Amino acid sequence: MNRYTANLCRLEFVVTLACTGRCRHCSEGDHSSSGEFIDGDKAAAAVLSAAKAYKLDSVMTFGGEPLLCPEAVFNIHAAAKKAGIPKRQIITNGFFSRDPEKITLCAERLVESGINAILLSADAFHQETLPLGPVVEFAKACLKAGAEDIRLNPAWLVSPDDRNQYNIETRRIASEFEKLGVSSAKGNVIFPQGNARIYLADYFDLSAPVVNPYDEDPEDLRAVSVSPDGSLLDGSIYSEDIVEILERYSPKSCVGGNSYDI
Ligand code: SF4
């Protein structure tokens, strides 16, 4: 087995870079409302194949906004469940439709597909451009559908304890969700990359090197991330078996790592 990927335990899928949000803290920069999305069948095949070769303990889908392409999300997580991968997570901003029927159906199918952790990106930054009402409806629909674990995954500025105006508003939004029975995960602290570097520059020392907390050790990949066009490391899951890509990986030939966002 390739020593650089021998400890791989997590597969991530950037389902699409299209997004309903236009967040000023987004580490990926600007997103458009439409764009390429991953082939759900091929992504599901990659999950099944990788699970035979590696001891995977989690599969995550995110974006952009992954629920703009719900069928791909359902396929990926159904495959993860079939393969016996215990953690099956999605990060979503929760706003993909205003139609109550579509929201309910999506929540039911998410739960049916085997997702067992829904991380909802709701906070002062997301809610500058995303309406809270449909996100609350989505959270309620997930609870009603029997979601095992749905939690807020807020973005904090400077630190979770800092009392800046954004964090104060994020705490207010979190308290709205707590009333519904949705608690908050620890979330993430914004780092100066993409839009955050431009629009929140006053909060950072831009002369210091940027530390991306999601960068992987290229000599010991624990998580890899498949892009919306199927690309992974120096290959593509659309044209070859994911295991072949992972087995030939070398830190000298390509940049590894993940791109966990939101
Ligand atoms: S932070 Fe998330 S929801 Fe906001 S624009 Fe970026 S990908 Fe979209």
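For clarity, every value in this text was computed on a predicted model and none was experimentally measured. As the structure lists them, so they are numbered: ligands from 1, and atoms in each ligand from 1. For the numbers below, each heavy atom of this structure counts, side chains included, while hydrogens, waters and symmetry mates do not.
Shown are E128, R24, H25; of these, the side chain to side chain donor-acceptor pair (under 3.5 Å) with Y166 is made only by R24. Screening N2, L8, D241 for a side-chain contact (heavy atoms from CB on, under 4.5 Å) involving L246 leaves a single residue, L8.
Atoms of ligand 1 found under 4.0 Å from any heavy atom of G21, numbered from 1 in the order shown, are 5 (S).
Ring orientation note: the planes of F138 and F96 are nearly perpendicular, at an angle over 60° on the 30°/60° scale.
Cluster membership for V158 and W156, using ILVMFWY side-chain heavy atoms within less than 4.5 angstrom, is not shared.
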Between N212 and F191, is a side chain to side chain contact (heavy atoms under 4.5 Å, CB included) present by the stated rule, with each step listed? CA-CA 7 Å; N212 182 333; F191 59 100; 3.6 Å; yes

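R248 and E240 are joined by a salt bridge, as a carboxylate oxygen and a charged side-chain nitrogen come within less than 4.0 angstrom of each other.
C26 lies close to atom 6 (Fe) of ligand 1, since one of its N, O or S atoms is found at a distance under 2.8 Å.
At a heavy-atom distance under 4.0 Å, only side-chain atoms of H25, from C-beta outward, approach ligand 1. Only the side chain of C19 comes within contact range of ligand 1, with a heavy atom under 4.0 Å; no backbone atom does. The part of H126 lying near ligand 1 is the side chain, judged by heavy-atom distances below 4.0 Å.
Heavy atoms of S121 stay at 4.0 angstrom or farther from ligand 1. Remark: distances from the non-hydrogen atoms of E28 to ligand 1 are all 4.0 Å or more.
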